[in-house]
Peer 1: 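Have a look at this one before I ask anything.
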Amino acid sequence: MELSKNYLPGEVETKWYNHWIEKGYFHSEPDNKPAYTVVIPPPNVTGVLHMGHCLNNTIQDILVRRARMQGMNPCWVPGTDHASIATEAKVVAMLRERGIAKSSLSRDEFLEYAWEWKEKYGGIILQQLKKMGCSLDWDRTSFTMDPDYYETVIKVFVDLYNKGKIYRGKRMINWDVKAKTALSDEEVIHKEVNSKMYHIKYKLDVPGNDYITIATVRPETIFGDTAICVHPKDDRYKHLVGKHAFVPMINRRIPIIADDYIEMEFGTGALKVTPAHDINDFNLGQKHGLEVIETLNEDGTMNEAAPMYVGKDRIEVRKIIAADLEAAGNLVKLEDYVNQVGFSERTDAIVEPRLSLQWWVDMKQLAGPALEAVMSDEIQFHPAKFKNVYRHWMDNIKDWCISRQLWWGHRIPAWYDADGNVYVAATAAAVNEKYPETKGKTLTQDADCLDTWFSSWLWPIEVFKGMSNPNNAEINYYYPTSTLVTAPEIIFFWVARMIMAGEEYMGKIPFKDVYFTGIVRDKQGRKMSKSLGNSPDLLGLIDQYGADAVRFGIMIASPAGNDLLFDESTLEQGRNFNSKLWNAAKLLKMWEPRISGEGKVEQDAAFAMDWFQAKLSATQIEVDSMLKEFRLSEALKTIYGLIWDDYCSWYLEWIKPGFEQPIHADVYNKSIEFYDSLLQLLHPFMPFITEELHHALKTQTQDLCVKEYETIEKVDEAVLNAGALLKNVISTLRDARNKNQIKPKESIDLHIQSENNTAYQTIQNILAKQVNAKSVAYTNTSVGSSIVVALEKDKFYLVADQAIDTASLKENLLKDLEHQKGFLASVDKKLNNEKFVQNAKPEIIAIEQKKKADALARIQTIEESLAQL
RNA sequence: GGGAGCAUAGCUCAGUUGGUUCAGAGCAUCUCGUUUACACCGAGAGGGUCCGCGGUUCGAGCCCGUGUGCUCCCA
């Protein structure tokens, strides 16, 4: 097969992906081989591929492809998450564009639109993963609202309720005014915001015209104030405790109370207490038996509690209230202030604390075994630092608010009778059966849906129908899964809860290793986000550079445990690597017509082959151990260096036949074999080009994708060292040529002075070729009018036609001499130190003595060279 | 406010229980070079008081203390 001038990724990628699918390589069925199971973190059904997915799925594909080539039975399950809030928001927006208000639709009508939307636009992201080469088992594509999955979620709710681990309660929750739903704590993102601190004075209900001043960043909440609180030890306010004050503008009379919760140094030391709209104030209110006055409607507008602002949004009121307070004479001052404000993860609306009746999971009961599994390393986190983060959260775990005021999702299986009694069971019929007293009564189902994560925490179980069809062959074979690859941001949302669900419902951990990827940032270190517009178009990049180059670029820049600073130049590096691979194959193929089977392999070529075999084995071992430790980026770098430097720059040059000369069949075949091993090693990282070249090299019986790794050959250390010496000599001599301005084309005569000539004789042809020497000779004495180079204990004389710059040669030698002498002095200092000799281990002392002997020998060599100048 | 982590070449990072030849790699930089795989290239080079200070030790990039700066998580 003839290779084109350049590698063209586009066609090659489509061709091989289709081929792999046709062959069914990615499909897994339980068998006798060990399973290697990975479940994809299900992207939102509304999602499109971004850099985070790209990193995450490339890593998973590397692990899965490698497992496949190691003879395991890998199963990588794709799927999507219904993403309740995000999807419902998209559907509502789509309806609005068509002029349909959600409020004008019944629940069923709305859901019909939602499903229609999901079928049409959902799962685009899965198609995009194919572009990247992901070896997912498409026959297993799952969705968190598939019928079985849906039933399982409901079953789990009922079960936890029956066990007393789910309850309904009125609590302070995070309210998303845009989506008009409750949010869990994890769905609130705290950001630093520039605000204003309003100092507002409240008239005291005492004779005279006295005031008490409070400081707040949320002045619109004053309408919900039901007390003012000061510290009991605060001398400024002691006399006011037990008295009353009036809320500005509405003149409602509220008590002044004392509590040591107050920080005297903060603000004015007096706190307005608004139990309905702040969690701390709520707790304070409970403690002191204060009234709770709500001032907000569901959509964040003010209600009748603020008569002059009814229907206006709270943020808008915050802006205009200053003037009104000022007019009323209650505004003391305004100052700039930076504070933390909670935003909705999904809608970016400012979250309002709100008192509300919601469903909760009692997390304390579930946390125990899940914490233990990680602390005991039954589940290993990579990097391990996330163990601490995990423990901290589990130790301080709060109950999980799971109800969402949405229609898209799993509807809560709770029914209410006319008196407001609650009955929990999977269906209305099941309610009647379980609670006979409900028969004949009109029951209304809870209108709310469950938090999206209440379904995703069952993902590793239910993708194998582990709950809807317990103990089936697949769940028994594939569960627990092997490795979970995910972003650290969802350690609490998802990872922790999957562990809980696994322990609760399977009695077993859901995965053995968790690999946390870094966060994808731009060149300046800013997180990639839609609002910053710094996310590149991934499909465009794949078109431009090829999928392999994108995978390479992203992996080479992702040090284990660190964030990824995305820079397009690494994709360029990936593309250049593609070219390098392509050209090396072209070179090999060029030699094919010149194969000759005659005679013996020349000794320098034999050396080159032995050396590369040793280098290859050593690197395979190294890569193996790196991958075991999930050091993927380093493993890729190592393979890159092996291919580019050791194979292309050294090995191929060493065995390269002269102009139009034949190549020995053994050398040719061995070189092809080496190259195929390199492609195999690289395949998990860059699957397309490696498969293409694997087939381009020669007729293959097997696709690379499923070709199992062979046992690694034993490393011949002696040959490895000999190769290292050869490389060192070549570089040193080339440097000497460069420094003496000998033109590359000009050949030299090389004389070697060494105690070990045989070491050089086997490699002298390579040496001659690589430093452009027309002759190599061995000598016992110095060679006149030559460039002298000292390396270790050996000396090399380069004889060239042109005049020699003795002065600079001498300068270099003197510099080296000084260097060596300084080194000798430091070694001597150590050896003459009695304490060192007494305390250091014998092998360390032996090393120091060898250092000394070597340094002395080198100094002698240099001095001799100097004497000859 | 609580917790976790980081600080090594211009950039991004390695550096295994403190001790192999004066700290390594990739990228970037500089010099030379179009020799028939590759300029998406080759050859070579330069570049670091390992954040500051103090301590332990015969010996510290690595251990301890402290200061400074940065990042993330939680409240």
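Quick note on labels: first sequence line is chain A, next is B, and so on, each numbered from 1.
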Peer 1: Over how many whole Å does the gap from M590(A) atom CE to U35(B) atom P extend?
Peer 2: 14 Å
Peer 1: Please give the distance between the P atoms of C58(B) and U66(B) as a whole number of Å.
Peer 2: 24 Å
Peer 1: May I have the distance from D278(A) (atom CG) to A75(B) (atom P), rounded to whole angstrom?
Peer 2: 14 Å
Peer 1: Considering only atom C1', compute the distance from C41(B) to U35(B) and round it to an integer number of Å.
Peer 2: 13 Å
Peer 1: Under 3.5 Å, which N/O atoms of the protein pair with N/O atoms of nucleotides 56-61 of chain B?
Peer 2:
{"residue": "C58(B)", "atom": "O2'", "partner": "N833(A)", "partner atom": "ND2", "Å": "2.9"}

Peer 1: Mind checking side-chain contact (heavy atoms from CB on, under 4.5 Å) for N283(A) and listing every partner two or more places apart, or none if nothing turns up?
Peer 2: I279(A)
Peer 1: Ring centroids only, cut at 6.0 angstrom: are Y640(A) and F552(A) within range, meaning strictly under it?
Peer 2: yes
Peer 1: Look at the side chain of E653(A) against the base of A37(B) and say whether a donor-acceptor pair falls under 3.5 Å; ignore hydrogens and angles.
Peer 2: yes
Peer 1: So, for Y668(A) and W591(A), is the gap between ring centers shorter than 6.0 Å?
Peer 2: no
Peer 1: Report the distance from atom CD1 of I556(A) to atom P of C13(B), rounded to the nearest whole Å.
Peer 2: 13 Å
Peer 1: If you apply the rule side-chain hydrogen bond (donor to acceptor under 3.5 Å, both in side chains), what do you find for N833(A) with K830(A), and how did you get there?
Peer 2: CA-CA 5 Å; N833(A) 183 334; K830(A) 250 189 207 177; over 6 Å; no
Peer 1: Taking the C1' atom in each of G61(B) and G18(B), what is the distance between them to the nearest angstrom?
Peer 2: 10 Å
Peer 1: Which part of the nucleic acid, if any, lies within reach of A584(A) when heavy atoms closer than 4.0 Å are counted: base, sugar-phosphate only, or nothing?
Peer 2: base
Peer 1: Using Watson-Crick or G-U wobble pairs with both distances under 3.5 Å, give me RNA chain B in dot-bracket, 5' to 3', with [ ] for crossers and | for pairs to another strand.
Peer 2: (((((((..((((.....[....)))).(((((.......))))).....(((((..]....)))))))))))).
Peer 1: Could you tell me how far apart M172(A) (CE) and A75(B) (C1') are, to the nearest whole angstrom?
Peer 2: 15 Å
Peer 1: For a quick check of understanding: with a heavy-atom distance under 4.0 Å over all strands, which category does Q573(A) fall into, base, sugar-phosphate or nothing?
Peer 2: sugar-phosphate
Peer 1: Which part of the nucleic acid, if any, lies within contact of N396(A), taking any heavy atom under 4.0 Å across all strands shown: a base, the sugar-phosphate backbone alone, or nothing?
Peer 2: nothing
Peer 1: Over all strands shown, is F386(A) touching base, sugar-phosphate only, or nothing at heavy-atom distances under 4.0 angstrom?
Peer 2: nothing
Peer 1: For this output row, return yes or no: ring centroids of Y675(A) and Y647(A) closer than 6.0 angstrom.
Peer 2: yes
Peer 1: Residues two or more places apart in sequence or in another chain: which of them pass side chain to side chain donor-acceptor pair (under 3.5 Å) with E863(A)?
Peer 2: none
Peer 1: Got a sec, which residues hit salt bridge (Lys or Arg N to Asp or Glu O under 4.0 Å) with K364(A), two or more places apart in sequence or on another chain?
Peer 2: none
Peer 1: Indicate yes or no: does R171(A) engage D399(A) in a salt bridge with an N to O separation below 4.0 Å.
Peer 2: yes
Peer 1: What do the steps show when you test F381(A) against F386(A) for ring-ring contact (aromatic ring centres under 6.0 Å, His included), and what is the final call?
Peer 2: CA-CA 7 Å; F381(A) 280 4; F386(A) 286 108; 7.5 Å; no
Peer 1: Suppose we screen for side-chain contact (heavy atoms from CB on, under 4.5 Å). Which residues come up paired with Q661(A), at least two apart in sequence or across chains?
Peer 2: P657(A)
Peer 1: Could you measure between the two C1' atoms, the one in U71(B) and the one in G65(B), and give it in whole Å?
Peer 2: 23 Å
Peer 1: Under the side chain to side chain donor-acceptor pair (under 3.5 Å) rule, collect the residues that match up with S649(A), sequence neighbours excluded.
Peer 2: none
Peer 1: Which is true for Q849(A) with a 4.0 Å heavy-atom rule: it touches a base, it touches only sugar-phosphate, or it touches nothing?
Peer 2: nothing
Peer 1: If you measure from the C1' atom in C63(B) to the same atom in G2(B), how many Å do you get, rounded?
Peer 2: 27 Å
Peer 1: Dump the pairs, protein N or O against N or O of nucleotides 41-44 of chain B, anything under 3.5 Å, distances to one decimal.
Peer 2:
{"residue": "C41(B)", "atom": "OP1", "partner": "N576(A)", "partner atom": "ND2", "Å": "3.4"}
{"residue": "C41(B)", "atom": "O3'", "partner": "K580(A)", "partner atom": "NZ", "Å": "3.4"}
{"residue": "G42(B)", "atom": "OP1", "partner": "K580(A)", "partner atom": "NZ", "Å": "2.9"}
{"residue": "G42(B)", "atom": "OP1", "partner": "W644(A)", "partner atom": "NE1", "Å": "2.5"}
{"residue": "A43(B)", "atom": "O3'", "partner": "R734(A)", "partner atom": "NH1", "Å": "3.1"}
{"residue": "G44(B)", "atom": "OP1", "partner": "S731(A)", "partner atom": "OG", "Å": "3.0"}
{"residue": "G44(B)", "atom": "O4'", "partner": "N738(A)", "partner atom": "ND2", "Å": "3.4"}
{"residue": "G44(B)", "atom": "O2'", "partner": "D735(A)", "partner atom": "OD1", "Å": "3.1"}

Peer 1: Give the rounded distance in Å between these two atoms: CD1 of I554(A) and P of U12(B).
Peer 2: 18 Å
Peer 1: Please, which pairs that meet salt bridge (Lys or Arg N to Asp or Glu O under 4.0 Å) have at least one residue in residues 645-656 of chain A, sequence neighbours excluded?
Peer 2: D646(A)-K727(A), E653(A)-K656(A)
Peer 1: For the pair D563(A) (side chain) and V520(A) (backbone), establish whether a donor and an acceptor sit closer than 3.5 Å, ignoring hydrogens and angles.
Peer 2: no
Peer 1: Check the distance between U12(B)'s C1' and K637(A)'s NZ and give it to me in whole angstrom.
Peer 2: 7 Å
Peer 1: In whole angstrom, give me the gap between the C1' atoms of A23(B) and G67(B).
Peer 2: 26 Å
Peer 1: Which of these nucleotides, A37(B), G26(B), C74(B), is closest to any side-chain atom of D645(A)?
Peer 2: G26(B)
Peer 1: After noting the C-alpha distance and the side-chain angles of K589(A) and E592(A), does the key distance pass the salt bridge (charged side-chain N to carboxylate O under 4.0 Å, His left out) rule?
Peer 2: CA-CA 5 Å; K589(A) 294 301 280 181; E592(A) 202 177 14; 3.1 Å; yes
Peer 1: Taking the P atom in each of C70(B) and G24(B), what is the distance between them to the nearest angstrom?
Peer 2: 32 Å
Peer 1: Need to verify one output field. Residue with the more 5' nearest nucleotide on RNA chain B, A853(A) or D563(A)?
Peer 2: D563(A)
Peer 1: OP1, OP2 of C38(B) versus side-chain N and O of Y7(A): anything below 4.0 Å?
Peer 2: no
Peer 1: What is the distance, rounded to the nearest whole Å, between atom NZ of K387(A) and atom C1' of C72(B)?
Peer 2: 20 Å
Peer 1: Here's a test of your reading of the structure: between N578(A) and K850(A), which maps to the more 5' nucleotide of RNA chain B?
Peer 2: K850(A)
Peer 1: Sort me out a list of protein N/O and nucleotides 3-11 of chain B N/O pairs below 3.5 Å, or just none if empty.
Peer 2:
{"residue": "A4(B)", "atom": "O3'", "partner": "N388(A)", "partner atom": "ND2", "Å": "3.3"}

Peer 1: For A557(A), which residues count as a side-chain contact (heavy atoms from CB on, under 4.5 Å) partner, sequence neighbours excluded?
Peer 2: L564(A), T570(A)
Peer 1: Determine the contact category for K656(A): base if any of its heavy atoms lies under 4.0 Å from a base atom, sugar-phosphate if only primed atoms, P, OP1 or OP2 are that close, otherwise nothing.
Peer 2: base
Peer 1: Only counting residues at least two apart or in another chain, list the ones meeting side-chain contact (heavy atoms from CB on, under 4.5 Å) with T517(A).
Peer 2: L55(A), N56(A), I59(A), V485(A), A487(A), P488(A), Y515(A)
Peer 1: For nucleotides C32(B) and G46(B), find the distance between their C1' atoms and express it as a whole number of Å.
Peer 2: 14 Å
Peer 1: Over how many whole Å does the gap from I639(A) atom CD1 to G26(B) atom P extend?
Peer 2: 16 Å
